[in-house]
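Order of appearance sets the numbers: ligands from 1, and atoms from 1 within every ligand. Position 1 is the first residue of the sequence; numbering continues from there.
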Amino acid sequence: MKIVVIGGTGLIGSKLVEKLRKDGHEPLAASPDSGVNALTGEGLAGALEGAQVVVDVANAPAWDDAAVLDFFQTASRNLLAAETAAGVGHHVTLSVVGTDRLPESGYFRAKVAQEELVKAGPLPYTIVRATQFFEFIGRIADSSTEGDTVRLSPALVQPEAADDVASTLADVAVGAPLNDTVELAGPEAFRLDELARRVLEESNDPREVTADVHARYFGAELDDRSLTPGDDARIAPTRFEDWFSQSVK
Ligand SMILES: NC(=O)c1ccc[n+]([C@@H]2O[C@H](COP(=O)([O-])OP(=O)(O)OC[C@H]3O[C@@H](n4cnc5c(N)ncnc54)[C@H](OP(=O)(O)O)[C@@H]3O)[C@@H](O)[C@H]2O)c1
């Protein structure tokens with residue numbers, strides 16, 4: 001089956017392309033570097049020729065409010081139009097658990113806009129909402145750093161390995177469209193500040209992590225329900241400790 005992965009060179013995209021290839025499918029990794037730009041529409045028609053499924057795991061290069069909204073809206077419109085013209089039968093989108101609970105954040109408003117376009121669009125779809133990737137914790141710390149201090153909310157998070165997210169997307173992509181949203185989360189919950197402290201300490205990073213209930217996560221204050229999944233979420237297998245011991249050199 002030909003499956004086009006938009007953002008196929010990114011963290012999730014590259015893992016997904018590898019898994020699909022191993023499973024005997026024909027994945028096409030699409031990104032601006034390979035001449036396929038979802039934002040401008042360049043190269044989309046050619047890339048989608050003969051494709052049955054498109055998985056959109058692209059991410060915006062800039063996250064200020066206007067830029068990120070424009071990215072997810074324009075890219076989604078371009079993709080859905082090109083997929084319709086090419087006769088694609090299933091559009092899969094990767095979104096974030098709790099997206100609709102964080103309207104103070106421009107990034108999450110943009111993800112809601114992306115989801116709305118997919119749901120209102122002409123194609124059979126599946127939206128996979130994932131929790132934070134273990135691999136993303138460093139970037140969360142970076143985004144909350146002032147000087148040598150990282151100010152983070154102590155809200156609960158239930159993160160997961162990027163590998164597990166890619167495996168679920170590979171299953172979803174070859175299955176029937178659900179025309180619905182499914183959630184995927186890691187097997188354990190952590191306090192965000194404690195998890196970041198652990199990651200920085202193990203990497204000998206000198207920054208100090210401070211818990212602050214008012215600290216903003218990409219623009220939004222968090223509580224214990226903001227980023228945690230509902231009862232029906234699929235639970236990814238990899239535990240943080242196992243991932244961490246493999247990833248710390
Ligand atoms: N980070 C998390 O914890 C988390 C949690 C849940 C869901 N998500 C979602 O997961 C998705 C993927 O995240 P990621 O961390 O894998 O992203 P990433 O590593 O930053 O990769 C982004 C990909 O998007 C591509 N891209 C950028 N602009 C593009 C354009 N105009 N047209 C086509 N492709 C373009 C990039 O291509 P180049 O390499 O050529 O730039 C790259 O392949 C995002 O939608 C995000 O919202 C993230």
ask   = Got a sec: does the CD of Glu188 have more than 12 other heavy atoms crowding it under 6.0 Å?
value = yes
request  = Check Phe108 against ligand 1 and report side chain, backbone, both or neither, counting heavy atoms closer than 4.0 Å.
outcome  = neither
message = Quick check: do Gln158 and Ile235 have side-chain heavy atoms less than 4.5 Å from each other?
response = yes
request  = Could you say whether the N/O atoms of Gly10 and ligand 1 ever approach to under 3.5 Å?
outcome  = yes
task = May I have the step-by-step check of salt bridge (charged side-chain N to carboxylate O under 4.0 Å, His left out) for Asp171 and Lys19, ending in yes or no?
result = CA-CA 10 Å; Asp171 287 346; Lys19 285 179 198 295; over 6 Å; no
ask   = Going by distance only, is there an N or O of Phe72 that falls short of 3.5 Å from an N or O of ligand 1?
value = no
ask   = Where does the angle between the aromatic ring planes of Phe240 and Phe244 fall among parallel (under 30°), tilted (30 to 60°) and perpendicular (over 60°)?
value = parallel
key: Contact check: Ala38 vs ligand 1, nitrogen or oxygen atoms, below 3.5 angstrom   = yes
query = If you count the non-hydrogen atoms of other residues, nucleotides and ligands that lie under 6.0 Å from CZ in Arg234, is the total more than 12?
reply = no
message = Looking only at distances, can you tell me whether any N or O atom of Gln132, backbone or side chain, sits closer than 3.5 Å to an N or O atom of ligand 1?
response = no
query = Short list, please: which atoms of ligand 1 are under 4.0 Å from a heavy atom of Leu39?
reply = 31 (N)
query = What protein heavy atom is closest to atom 8 (N) of ligand 1, reported as residue, atom name and distance in Å?
reply = Phe133 CZ, 3.5 Å
inquiry  = I need the contact type for Arg129 against ligand 1. Using non-hydrogen atoms and a strict under-4.0 Å cut-off, is it side chain, backbone, both or neither?
reply    = neither
inquiry  = Using a plain distance cutoff, I'd like to know if Ala58 has any nitrogen or oxygen under 3.5 Å from a nitrogen or oxygen of ligand 1.
reply    = yes
task = Could you check which of Ser34, Pro32, Ala162, Ala47 puts a non-hydrogen atom nearest to atom 26 (N) of ligand 1?
result = Pro32
ask   = Counting heavy atoms not belonging to Glu208, are there more than 12 under 6.0 Å from its CD?
value = no
note = So the atoms of ligand 1 within less than 4.0 Å of a heavy atom of Lys111 turn out to be 44 (C), 45 (O), 46 (C), 47 (O)
query = Which protein non-hydrogen atom lies closest to atom 6 (C) of ligand 1, naming both residue and atom, and how far is it?
reply = Ala130 O, 3.3 Å
message = Among Leu79, Leu94, Ile6, which one puts a heavy atom closest to atom 9 (C) of ligand 1?
response = Leu94
task = For ligand 1, find out whether one of its N or O atoms is nearer than 3.5 Å to an N or O atom of Ala30.
result = no
query = Quick one: nearest non-hydrogen protein atom to atom 43 (O) of ligand 1, plus distance?
reply = Thr9 OG1, 2.7 Å
query = Are Val4 and Val174 connected in a single hydrophobic cluster, I mean Ile/Leu/Val/Met/Phe/Trp/Tyr linked by side-chain heavy atoms less than 4.5 Å apart?
reply = no
query = Can you get from Leu16 to Leu184 by hopping between Ile, Leu, Val, Met, Phe, Trp and Tyr side chains that sit under 4.5 Å apart?
reply = yes
query = How far is atom 25 (C) of ligand 1 from its nearest protein heavy atom, and which residue and atom name does that atom have?
reply = Gly7 CA, 3.7 Å
ask   = Between Leu152 and Ala215, what is the shortest heavy-atom contact and its length?
value = C-CB, 3.7 Å
Identity and distance of the protein heavy atom lying nearest atom 12 (C) of ligand 1 = Val57 O, 3.2 Å
Heavy-atom neighbours of Asp232 CG exceed 12 at 6.0 Å = no
Gap between atom CZ of Phe134 and atom CD of Glu241 - 0.5 Å precision = 9.5 Å
task = Treat each ILVMFWY residue as a node, draw an edge where side-chain heavy atoms are under 4.5 Å apart, and state whether Val150 and Leu156 are in one component.
result = no
query = Has ligand 1 got any nitrogen or oxygen that is less than 3.5 angstrom from a nitrogen or oxygen of Gly13?
reply = no
key: atom 28 (N) of ligand 1 - nearest protein heavy atom and its distance   = Phe71 CE1, 3.6 Å
task = Measure the distance from atom 19 (O) of ligand 1 to every protein heavy atom, then report the residue, atom name and distance (to 0.1 Å) of the closest one.
result = Leu11 N, 2.8 Å
ask   = Which distance, rounded to the nearest 0.5 Å, do you find between the CG of Leu44 and the CD1 of Ile6?
value = 5.5 Å
task = Answer with side chain, backbone, both or neither: which part of Val36 has a heavy atom less than 4.0 angstrom from an atom of ligand 1?
result = backbone
task = Please state which part of Asp56 comes within less than 4.0 Å of ligand 1, counting heavy atoms only: side chain, backbone, both or neither.
result = neither
ask   = So is there a nitrogen or oxygen of Ile12 less than 3.5 Å from a nitrogen or oxygen in ligand 1?
value = yes
query = Strictly under 4.0 Å, does any heavy atom of Val97 approach an atom of ligand 1?
reply = no
ask   = Can we call the ring centroids of Phe108 and Phe218 under 6.0 Å apart?
value = no
inquiry  = Tell me whether Glu115 is salt-bridged to Lys111, with the criterion being a basic N under 4.0 Å from an acidic carboxylate O.
reply    = no
request  = Evaluate the 4.0 Å heavy atom contact test for atom 47 (O) of ligand 1: does a protein atom fall under the cut-off?
outcome  = yes
request  = Identify the residue among Val92, Thr126, Ile127 that makes a side chain to side chain contact (heavy atoms under 4.5 Å, CB included) with Val118.
outcome  = Ile127
query = Quick one: which ligand 1 atoms are inside 4.0 Å of a heavy atom on Thr131?
reply = 5 (C), 6 (C)
key: For atom 27 (C) of ligand 1, the protein heavy atom that lies nearest, with its residue and separation   = Asn59 O, 3.3 Å
query = Hey, is ligand 1 close enough to Ser95 that some N/O pair sits below 3.5 Å?
reply = no
remark   = When rounded to the nearest 0.5 Å, the distance separating OG of Ser245 from CZ of Arg239 is 12.0 Å
request  = Before signing off on this row, confirm whether Asn37 and ligand 1 have an N or O atom pair separated by under 3.5 Å.
outcome  = yes
